[in-house]
J.: 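Sending over a structure as structure tokens; questions will come in a sec.
What you see is a predicted model, and the numbers here were worked out from it, not measured in a lab.
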Amino acid sequence: AQRVTQPEKLLSVFKGAPVELKCNYSYSGSPELFWYVQYSRQRLQLLLRHISRESIKGFTADLNKGETSFHLKKPFAQEEDSAMYYCALNSGGYQKVTFGTGTKLQVIP
Amino acid sequence: DAGVTQSPTHLIKTRGQHVTLRCSPISGHKSVSWYQQVLGQGPQFIFQYYEKEERGRGNFPDRFSARQFPNYSSELNVNALLLGDSALYLCASSPRQGQPMNTEAFFGQGTRLTVV
């Protein structure tokens with residue numbers, strides 16, 4: 001069975017400091033991994049996906065199959081980055097997505 | 001475009017009752033998925049429908065059922081409600097399935113169900 005682990009419930013960083021939100025997964029096949037973000041009073045939205053290898057709002061995430069990780073990084077945190085972040089894994093052809101428990105990022109001014 | 005819309009936004013039910021939650025996908029989106037989000041947890045996958053057929057199911061009891069209509073809107077039904085069914089129920093739509101997450105999933109605001 002697939003599993004997504006986000007070990008930190010809360011991560012507090014100062015504005016301008018680097019950010020790393022950790023995500024580890026367990027899945028026997030070839031995973032599709034994503035980061036979703038939920039800003040205060042807004043709906044859940046896709047931030048980025050590993051197959052696109054893109055940078056969104058300064059965030060990047062690299063899939064490390066050896067360490068089964070997909071950590072989300074940003075070199076310089078901004079106040080508007082404060083939100084709930086969910087790592088997610090799609091393990092099949094039918095959009096069966098497993099979410100982690102989420103990490104709340106708090107950027108301190 | 002209003003995005004994915006869900007109704008009602010809030011609902012209070014008594015144990016043992018039945019509930020129906022509704023979702024309207026973004027125009028042109030043919031895939032709808034349902035998730036349950038208990039407080040403090042991430043969303044848990046319940047169902048995915050595409051072209052009116054069930055294409056995926058999570059680990060939920062048979063009390064949970066869903067369907068998709070010709071206009072691609074969807075209903076989630078829960079019978080014999082338990083206190084543990086209290087949660088935020090999220091609906092997400094995307095244009096197609098098959099390469100599911102190569103297409104972005106758009107989430108609704110959710111329906112907050114409280115079972116007392």
J.: To the nearest 0.5 Å, tell me how far Y35(B) OH sits from Q48(B) CD.
T.: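 Y35(B) atom OH to Q48(B) atom CD measures 8.0 Å (nearest 0.5 Å).
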J.: Got a second to check how far T101(A)'s OG1 is from Q37(B)'s CD, nearest 0.5 Å?
T.: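 T101(A) atom OG1 to Q37(B) atom CD measures 10.5 Å (nearest 0.5 Å).
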J.: Report the option among Q42(A), R41(A), R43(A) that has the most heavy-atom pairs separated by less than 4.5 Å from atoms of chain B.
T.: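 Heavy-atom pair counts peak at R43(A).
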J.: Give, as side chain, backbone, both or neither, the part of K104(A) having an atom under 4.5 angstrom from any heavy atom of chain B.
T.: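 Answer is neither: K104(A) stays 4.5 Å or more from chain B.
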J.: Looking at L39(B), I'd like to know if its CG atom is crowded, meaning that more than 12 non-hydrogen atoms belonging to other residues, nucleotides or ligands lie closer than 6.0 Å.
T.: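 Count not over threshold, so no.
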J.: Side chain, backbone, both or neither: which part of Q6(A) has an atom under 4.5 Å from a heavy atom of chain B?
T.: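 Contact with chain B is absent: no heavy atom of Q6(A) under 4.5 Å.
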J.: If you look only at pairs with a residue in residues 45-64 of chain A, which of them pass as a ring pair (Phe, Tyr, Trp, His ring centres under 6.0 Å), with sequence neighbours excluded?
T.: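 The answer is F59(A)-Y85(A).
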J.: Taking heavy atoms only and a threshold strictly under 4.5 Å, list by residue number the residues of residues 61-69 of chain A that touch chain B; give 'none' if the list is empty.
T.: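 So no residue qualifies.
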J.: Identify the heavy atoms of W35(A) and K22(A) that sit nearest to each other, and give their distance.
T.: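 W35(A) and K22(A) have their closest heavy atoms at CH2-O, 4.0 Å.
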J.: Between Q38(A) and Y86(A), which heavy-atom pair has the shortest distance, and what is it?
T.: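 Smallest heavy-atom distance, with atoms named: OE1-CE1, 4.1 Å.
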J.: In terms of heavy-atom proximity below 4.5 Å to chain A, should Q109(B) be classed as side chain, backbone, both, or neither?
T.: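 Backbone plus side chain of Q109(B), per the 4.5 Å heavy-atom cut-off to chain A.
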J.: Using a strict 4.0 Å threshold on nitrogen-to-oxygen distance, state whether R63(B) and D85(B) make a salt bridge.
T.: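 Yes.
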J.: Just do the side-chain contact (heavy atoms from CB on, under 4.5 Å) check on Q36(B) and F64(B) with the steps written out, would you?
T.: CA-CA 11 Å; Q36(B) 181 196 64; F64(B) 289 76; 4.2 Å; yes
J.: Highest number of heavy-atom pairs under 4.5 Å with chain A: which of G42(B), G108(B), P43(B), G40(B)?
T.: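 Most heavy-atom pairs under 4.5 Å with chain A: P43(B).
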